[in-house]
Every structure is written in structure tokens, then in C-alpha cells.
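Chain naming here is simple, since letters A, B, ... match the order of the sequence lines and numbering starts at 1 in each.
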Number of protein chains: 2
Amino acid sequence: MTERWSDATGNPFLRKLEGFVPLPETDSTLLLQASQNAQEVSAGTDLIREGDPPAGLFLILEGFACRYKLRDNGTRQIMAYLVPGDAGDPDVSLLKAMDHSIRTLSDCKVVQIAPGTARELLERPAIASALRKSALVDEATLREWLLNVGRRSAVERLAHLFCEVHLRLQAVGLADESRFELPLTRQDLADTTGQTSVHVNRALWELSEKGLIELGHGHLTILDLPRLKQLAEFKPGYLHLGEQAAA
Amino acid sequence: MTERWSDATGNPFLRKLEGFVPLPETDSTLLLQASQNAQEVSAGTDLIREGDPPAGLFLILEGFACRYKLRDNGTRQIMAYLVPGDAGDPDVSLLKAMDHSIRTLSDCKVVQIAPGTARELLERPAIASALRKSALVDEATLREWLLNVGRRSAVERLAHLFCEVHLRLQAVGLADESRFELPLTRQDLADTTGQTSVHVNRALWELSEKGLIELGHGHLTILDLPRLKQLAEFKPGYLHLGEQAAA
DNA sequence: CGGCCGCTTGACTAGTCTCAATCAGTGTGG
DNA sequence: CCACACTGATTGAGACTAGTCAAGCGGCCG
């Protein structure tokens, strides 16, 4: 079950960090070891809940998870997707209680790294630096989501979200030029983009109608990426991908 | 002009950090020194722009500033307020370019700390820890804003925003039980809450009508805080204020 | 005194939401 | 292998929130 994560290129977390900072052999070995004991977690289970004390470090190796908050009336807002290679809060442990929950949206493979081991990892400068950059990108992504929900139309929001997820999955080798797995319900998309599942559905229809995407069976196919990007006004700078390559 | 910032209680930045971590004498002296050369900046000037390389550390000593992004069509989304005591990005410097801009919303007093000095400050453990906590709170606040814009009605959004700003200003001694300076235009509020200035105006009227607030002459008076909080469903946990006191 | 910017208000429009019913896909027990 | 149950997707009609356009007002600055 875990052997797939033992080589560097197959491990999305390693791959992501390497995208920010080249890691010395020792560091990557350390990370691979830490990734060994992955847990299978089925869709819709909370990894941690609002109000809980922060617990070490989560790594998502497979599947989609999210950060979210609930209102008293039961409506949900999703604040971030955690896709393979993403980590749940290295240093929230500085604070006393989670201000939000984290839950799987699909079946996932998750590694939970105990606080002690996490500290150990963070003592390695390259890993610490890569994780910090990763956290900065997460924050920039959050800002982009706020712009998305605050200032874009229903159709634009979805288009933008798809462009972003496409790029993020490509970065860890989980999307090809035009197609990737997207195991989200309309309700998930609605809670992400601040809409109703009914309206999401109509917006998706509009995107198909225009020949931009095709969504079904848990997979998204982008039929016309340039036009999709243009519609979404998508500018990938905030993801800070390929900065290392550019340097 | 700067003597007001030379004592600990009068310096909002120091006051904020002390709220997270008790600072040793040496550290506070260092911070006070750094705060000496404050600049007066008039309303509506960009401190840094999207695309620029990050520049050290900004401290806001007086006035309101914000992080924001513009769409191609000129609409703006504000992603954060920087109020006295807040800092603009200690470690974004790890990345190559700002993904957003920072601009003053009112006349401000701002300290810009050069990257070198900033590094020096961050070498002090207490300061580093306080700044990291502060950054975590900023991120939590960003999440709350996303929930606000994504899942609350126009009136609720404003109510929630006012509750938050009230508490944040109280934390640095700039608000009393019910009143504080709020030098924002309807347009600023609209760009914050993802609405139109026209609609903000109507929502504000509704809040006055219900006897919850009074907004005028750059000051907000909260007439009925409990009801305002209830309407906004405001739960201040995410601000992690008074955690030290509670400990 | 005049001009400008921001606030206010009104009438109309458009984008989303709500409610509700139907349909499709999947998994289960018999 | 089939009927049933459940969850999620789809569609339609109608209601409502928020946006648009436009005009008038008011305070502040030069």
C-alpha cells in the first residue's frame, strides 16, 4: 500500500517541495520515511475539527480534502482544497485551537506526522524553507479565492477554480494537458464558490455549452484552455509555480 | 512626530505583539527603535504593488491600509485591513513577486523596516514567535472573510466586519466599548464585502434602522453590540486575542 | 464661489436563490 | 439477477437579493 510513495517522483509531497527548493538527499529520505505509514480515509471524514487543538502535520498523498467552516444554519464555506502534495498546517500548533475544520472530500490516503517528527523535519533548513514557501502560496491562493467569490460571476468563479486546480494537479503530475480527476459534487463546488448547487449546475452547463469543459464521472476535461483562462481572467502568478525553474 | 511611539503602551505594534508573547526588555527596545522613523503617507497611496519584489516589513502605526487586488475591468477586492499594530508581510520576501498590492485607505503613519533590519528582528525568538502567530491570525482572518463574502448576506457581512474591526482596534487601544474611528468610504466597504457601494449604503441604513449602529463623520458607533454580534453570528475565536491572558 | 468627490435615493434589471419534482447511478438485500 | 433505497444531478417556475444607471445633494478644498 505504501510502496508507491517510496520513490521521489511518485511522492507528490516530495515533488511539490522540490518545486520550491532543491532538497538534499538526506531530507528527501527523511520525508519518504515519514510518508511510509499512510492511512486510507474514506470520503467525508473530518481529519480535525474547529476548536480542536492543532495536531501535527497532515500530508495528503491521494484524493481531495478541504478546509471549511460551517455557519449555525448549516451552510458551509470551503476555504481551501488540499490536493496530493499539500500539507495541513505545519505551524498552526503555535495557536491553541483550530479556527476551521479539515475534511476529506473523496477517499484519501493521508499521512499524519506527529508533532515531534514534524519539529524534526522543520529543523532541516531546506524543508523548513520549502514548507514556508508552500504556506505563503496557500495564503496567496486564499486571497485569490476571496477575489473570486467577491468579484467574479458564477461562471467565472468556476472557470477560475478549474484553471487553478488544473495547474496545481499538473504540478504534482496528476493532470495532463487537458484532463484530470475531480471527485467533487456540485454541492462541494457550490460551497467553494459561494453559490447554490442548483446554480453551479447551470453555470457548468453554460461552460459545457460554450465548449470550454466537460465534467462527468468524476473527471474534468478542459476542451479549450485558452478560452477558459481568458473567461476566468486567470493569472497563475499567485501560485508561484516554476519559480525555481525560472531562477 | 515620533515621540508618541517611544513608550511601550502607546506603540500599537508593540502592544499587539505583547498580546501574543511577552517580550524581553531588549526586544521591545529594539522594536521601539525601529519604529522611530515613521513616514506620513496620505490616503490612497500604494505602499507596494502587485508584481513588485517584496520589500522588507511595513508597520502601520496610524490609519487604515489594506491588501487588495484589481480585476482587469477595474473592480477591486480588498483582502485585508491593516490597522495600527499590523505588519505587512514579514516573510513574503521568500517569494519573488507580490501577488497583491498594499495601499493606504486613510492618511497613515507607516514605518518601513529594511530587509536587513527585519532579519535582525526575526532572529530574536520572542519577536519571531509573536510575528508568526500574528501571521497565523491574519490567515485565519482571511478565511473568516471568505466565509463572510461567500456565505453571509449583505447586512450580515457588514455587521460581521464591524464586530471584527471593533475587537481588533480595542486590542490596540483604539476603540472604546462602543465607538471608534472608521475612515472608510462606502466604496471601500463594498470592495471589502464584495458588494456595490449603493447596496452597502442600503445595508448600512438597515443596520441604523434596527438601532444597531451609527456611521458618520468617519466614526462608527455600535449602539447594540450583543444584537450586532448575534446578527453577524460573530465568534471571535479566530482572532486568537487574549490567548496569552487566558494561559 | 465653483468644482469635485462621496453619499443618498429611485426605478428598473439581472443574477441567484428557493422550492419542488424528476431522473440517473450506485449499492444492498432478498 | 432484480427491486428498493439513497444520494447526487438536473430541470422548471417563481421570488428576492443585489446590481445598474442616473439624478440630486452636501460637504470640503482650492
Side-chain angles (χ1 to χ4, degrees), chain A residues 42-45 64 71 73-78 103-107 148-161 181-210 213-220 231, chain B residues 42-45 64 71 73-78 103-107 148-161 181-210 213-220 231:
Chain A
S42 63
T45 78
F64 271 59
R71 284 195 58 180
N73 65 14
T75 55
R76 175 176 67 159
Q77 177 66 46
I78 293 178
R103 144 186 305 236
T104 54
L105 293 171
S106 69
D107 293 344
N148 207 28
V149 172
R151 285 293 181 234
R152 278 194 262 258
S153 73
V155 180
E156 289 168 341
R157 289 181 210 179
L158 288 167
H160 194 277
L161 180 66
E181 202 180 332
L182 190 73
L184 305 177
T185 66
R186 314 286 141 141
Q187 189 60 55
D188 293 335
L189 292 172
D191 292 344
T192 305
T193 54
Q195 303 174 69
T196 299
S197 67
V198 172
H199 201 67
V200 162
N201 204 43
R202 299 198 239 258
L204 286 174
W205 180 86
E206 195 175 327
L207 286 172
S208 305
E209 168 64 18
K210 288 185 176 165
I213 64 157
E214 218 167 81
L215 178 56
H217 305 288
H219 287 264
L220 181 76
L231 170 63
Chain B
S42 64
T45 78
F64 272 59
R71 284 196 57 179
N73 65 15
T75 55
R76 176 177 68 159
Q77 177 67 45
I78 292 179
R103 142 187 307 236
T104 54
L105 292 171
S106 68
D107 293 344
N148 207 29
V149 172
R151 285 291 181 237
R152 278 194 262 256
S153 73
V155 180
E156 289 167 341
R157 288 180 211 178
L158 288 167
H160 195 277
L161 181 67
E181 202 182 332
L182 190 73
L184 305 177
T185 66
R186 315 288 142 138
Q187 190 59 54
D188 293 335
L189 292 171
D191 292 344
T192 304
T193 54
Q195 303 174 68
T196 298
S197 66
V198 172
H199 201 68
V200 162
N201 204 43
R202 298 199 240 260
L204 287 175
W205 179 86
E206 195 174 327
L207 286 172
S208 305
E209 168 65 16
K210 287 183 176 166
I213 64 157
E214 218 166 81
L215 178 56
H217 307 288
H219 287 264
L220 181 75
L231 170 63

Checklist entry - Is A/His219 close to A/Glu214 at the side-chain level, that is, under 4.5 Å between some pair of heavy atoms? => result no
Checklist entry - With a 4.5 Å limit on heavy-atom distance, are the side chains of B/Leu231 and B/Leu207 in contact? => result yes
Checklist entry - Between C/dC5 atom C1' and B/Leu184 atom CG, what is the distance in whole Å? => result 16 Å
Item to check | Length of the line joining A/Asp191:CG and C/dC17:C1', which is rounded to integer Å | outcome: 14 Å
Item to check | CZ-OG1 distance between A/Arg103 and A/Thr45, expressed to the nearest 0.5 angstrom | outcome: 7.5 Å
Checklist outcome for this item: To the nearest angstrom, the CD-C1' distance between A/Glu206 and C/dG15 comes to 11 Å
Checklist entry - Mapping A/His199 and A/His217 to their closest nucleotides on DNA chain C, which lands nearer the 5' end? => result A/His199
Checklist entry - So what does B/Thr196 hit on the nucleic acid, given a heavy-atom distance under 4.0 Å: a base, only sugar-phosphate, or nothing? => result base
Checklist entry - Which whole-number value in Å describes the distance from A/Trp205 CH2 to D/dT11 P? => result 9 Å
Next on the checklist: For a quick check of understanding: with a heavy-atom distance under 4.0 Å over all strands, which category does A/Gly44 fall into, base, sugar-phosphate or nothing?
Outcome noted: nothing
Item to check | Rounded distance in Å - CD (B/Gln195) to P (D/dA18) | outcome: 7 Å
Next on the checklist: As an exercise, state the distance from CD of A/Gln187 to CZ of A/Arg76, rounded to the nearest 0.5 Å.
Outcome noted: 6.5 Å
Checklist entry - Using the C1' atoms of the five pairs at each end, what is the angle between the end axes of the helix from C/dC1-D/dG30 to C/dG30-D/dC1, to 10°? => result 40°
Checklist entry - Should B/Glu206 and B/Arg202 count as an ion pair when the cut-off is N to O under 4.0 Å? => result no
Checklist outcome for this item: Picking from C/dT18, C/dG10, D/dA9, the nucleotide nearest the side-chain atoms of B/Val198 would be C/dG10
Checklist entry - Between A/Gln195 and A/Thr193, does any side-chain donor sit less than 3.5 Å from a side-chain acceptor? => result yes
Checklist outcome for this item: By nearest-nucleotide position on DNA chain D, the 5'-leaning member of A/Arg151 and A/Leu204 is A/Leu204
Checklist entry - Hey, does the side chain of B/Asn201 come within less than 4.0 Å of C/dT8's phosphate (OP1/OP2), counting only N and O? => result yes
Next on the checklist: For a quick check, tell me whether the side chain of A/Arg202 and the base of C/dG15 share a donor-acceptor pair closer than 3.5 Å.
Outcome noted: no
Item to check | Side-chain donor/acceptor of B/Asn148 to backbone N/O of B/Arg157, under 3.5 Å | outcome: yes
Checklist entry - Phosphate oxygens OP1/OP2 of D/dG8: is one of them under 4.0 Å from a side-chain N or O of A/Arg186? => result no
Checklist outcome for this item: Ranking A/Arg152 and B/Ser197 by the position along DNA chain C of their nearest nucleotide, the one closer to 5' is B/Ser197
Checklist outcome for this item: On DNA chain D, more 5' by nearest nucleotide between B/Ser153 and A/Gln187 is A/Gln187
Item to check | Whole-Å distance separating the CG atom of B/Leu215 from the P atom of C/dG6 | outcome: 15 Å
Checklist entry - Taking CG from A/Leu105 and P from D/dG8, how many angstroms apart are they, rounded to a whole number? => result 12 Å
